[in-house]
Amino acid sequence: MNITAIGISHHTAPVGVREAFALPGDLPLRLLRAFKAEDAFEEALVLDTCNRTEVYFVANKCDDPMGYLLGHIARLKSIPAVTDTSAFYHHQGADAVQHMFRVAGALDSQIVGEHQILGQLKGAYRLALEARTTGLLLNKLLHWAFRVGKRAQSETNLGRGSTSIAQAAVELAQQVFASLAGKSVMLVGAGETGALAAKALVRVGAGNVVVANRSLDRARKVAESLRTLQPEDAVALDLEDPSIRCPALLAMLEMLPKDIDRRPAAGEKERFAARAIELPDIPQAIGDVDLVICATGAPDMVLTGKEITKALRRAGRSVLIVDIAVPRDVDPKLDKLSNVFLYNIDDLDRIVSKNIATRELEVPRVEAIIADEFGTFAAWCDSLEVIPTIKILQEYFAEIQQAEIKRYGGKFSDADREQLEQFTRSLCNKILHQPIAFLRSLSDSASLSQRQAAADFIRSAFRLKGRKDKP
Amino acid sequence: MDILFKVAEWLLPLLYMGLVIDYGVTFFLRIRTHVHNGWIPVIILFHAAFLVVRSIHLGQPPLFNGYEILSVIALSTTAVYYIVELVGHDRRTGLFVFLIVFLAQYTSSVFLANTAIEPTTPAVAGQGWRSLHSLAATFAYTALALAGVYGALHLIGRRNLKRHNIGLLFDRLPPLELLGRTCWYAIIGGLVFMTISVVTGALVYGRGAGGPDAEAMSAKIIAKIVVGSVTWLVCVVAVLGKGVGKWSDSRVCLVAAGGFLTVAILFVASLALS
């Protein structure tokens, strides 16, 4: 396994160090093209995510790959050359393969079991294909890694459950509602986040949106923007955008269907209503909604008092209230109403903690998958090596020799049989001499792919595929 | 042939137990939650074939004995659940449904093995009406069983959510709304079928009243009438409550679950008495 992995990740360096080596935009492709042009690596792949930057390669004629790599990255990013490499890991052979399998299986991720890494690995592979820096070994390794990732997701509960407050809110909503499409939603607070969220709500099919805010003007502005909403205005929401301070709500919206065009056709009555109210009007409106999101910056509770209680009790239907404001916006007493499910930021945090604990329990099962896949990959790699091929070839001829002696040995005396054995052994060695010498010469001079091709040919010619050399 | 029947009678509970285990694994380990179970149609076919062959052999449909009816309920519940699973692409509730199915089939098998097969209703005119009456009642019990299971799951899920109990059941059950809706549809189905059963039953037993066997059969008929009436009443109360009284899903589910439990107890009691 002539594979090497060099990289830096959240395990070895803080973000302040990692960001210096991050490769945004087209830098990974440029790096791969540089490798190709300089013929330093026979095969190469660059994986760059928010938590890691790492390069997998099959070395060709590079004595100091770490220095070579860091030098290239420094030149690409116009940063000073790196002398301290303590933050970087350097895995070779089996370690490198197992590392990639752990990455693909999301065991090496900051949030163990997260789903994005497999897509990021596929993206990295696409880039390597585009740069034509993959060959037999990396192609196989990547496909093996994808299989590890898929098995980890499908055969274990590693990726199940939310691990962020935002996803926890989604999970919570999914316990109550079959779907949020067509549901009435009240946003309490109409800041920038509220406006974005309301647009997204309409885009994904909310039947009725009520925007409640201390400033009616602000709430109206949001409601008006909904009424005149065009599909192209429905921005794609980036949950990682730090300007969005209400990720729980936005994540909820992400669970809804994305292909609904909410723009009414000519003459068609609007299929949804968006209206603005002031905070004191909430009791009149709250009885008609299914989901309430509270995210104001108010110092006191917003949803409290007898009127709110009466309105919610009258509603009859289940109402989910997610209070993600700190200090809280919602009076905890409302949770005593039989039809109200009130969850605050601490509850969401408990959901996250439980899911993380569940994921930890799944790690051994994923480790077992990795061990299983590594075993088959290692066997495949062995089949491509020259020395094991020579050993298998010799064993094969020895088996033939023994079989023939057994078959005809009875016709000879004991003394003659010894001669016969010497003769057949010598004959086999002479026949094998040239092919073995040829294979040995390759291990000194030829490239990996040439060696693999030769080994593959020999194994095919003598039908040795599937055989393993004896330890 | 009798040996084949005996084998099938004991094989069916085992098959349903297999489903309970399979769905238990799905529920507790949360794996294959959205993958259809290919064994269900096979078991349905086997069960249906058993009932058809048995009916041909005995010369009567499997609806004249409480234990036979239990077996038909097990079959129809399985069939309805399979449709629910196909439509909803969700098998998280299968464990609970097949627990009921297994209990029904196990009871049926145990008692069928020790019960002489003979009609429990008087031989009266109008065989077609009788079949329709029994079949409709069987479907109504099936619907009530499903309503009871989904209603109970709704109540359990709701209780967990209300208590902020982020435990075993938190993300293992389907959404409350879905459970409530399924319970509601089952209740409506139960009302329709039980109404048909009551009307056809009145026709059948009205004609049969005063016949030579009427007196002997009266206790069993009364038991059937009580069980059927309670089933119909449960469905009516739930439908009126939701339709007129604007009941919440939870209250409908409570009536369904409580009603199912009551009917199940009455059903078993009537079997024991008979």
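Everything numeric here is computed off the predicted structure, so don't read it as measured data.
Proximity to chain A involves both the backbone and the side chain of B:Lys162, based on heavy atoms less than 4.5 angstrom apart. Proximity to chain A (any heavy atom under 4.5 Å) is restricted, for B:Leu173, to the backbone atoms N, CA, C and O. In this structure, chain B has a heavy atom under 4.5 Å from the backbone of A:Leu337, while its side chain stays farther away. Only the side chain of B:Arg181 comes within less than 4.5 Å of a heavy atom of chain A; its backbone N, CA, C and O stay farther away.
Separation of atoms CZ (B:Arg163) and CG (A:Asp335) is listed at 12.0 Å; rounding is to 0.5 Å. In this structure, A:Gln175 CD and B:Leu178 CG are separated by 11.5 Å, a value rounded to the nearest 0.5 Å. Considering NE2 of B:His164 and CZ of A:Phe341, their distance stands at 9.0 Å, rounded to 0.5 Å. To the nearest 0.5 Å, the span separating CG on B:Leu29 from OG1 on A:Thr156 amounts to 11.0 Å.
Within 6.0 Å of CZ in B:Arg159 there are 12 or fewer heavy atoms belonging to other residues, nucleotides or ligands. Surrounding CD of A:Gln284 are more than 12 heavy atoms belonging to other residues, nucleotides or ligands, all under 6.0 Å away. Counting heavy-atom neighbours within 6.0 Å of B:Trp232 CH2, excluding the residue itself, gives a total of 12 or less. No more than 12 heavy atoms of other residues, nucleotides or ligands lie within 6.0 Å of OH in B:Tyr106, so this atom counts as exposed by the packing criterion. Heavy atoms from other residues, nucleotides or ligands lying under 6.0 Å from CZ of A:Phe146 number more than 12.
The pair A:Arg317-B:Glu177 does not count as a salt bridge, with every side-chain nitrogen at least 4.0 angstrom from each carboxylate oxygen.
Between chain B and the residues A:Glu155, A:Lys336, A:Lys354, the largest count of heavy-atom pairs under 4.5 Å involves A:Lys354.
Using a 4.5 Å heavy-atom cutoff, the side chains of A:Ser338 and B:Arg158 are in contact. By the 4.5 Å heavy-atom criterion applied to side chains, B:Leu161 and A:Leu172 are counted as neighbours.
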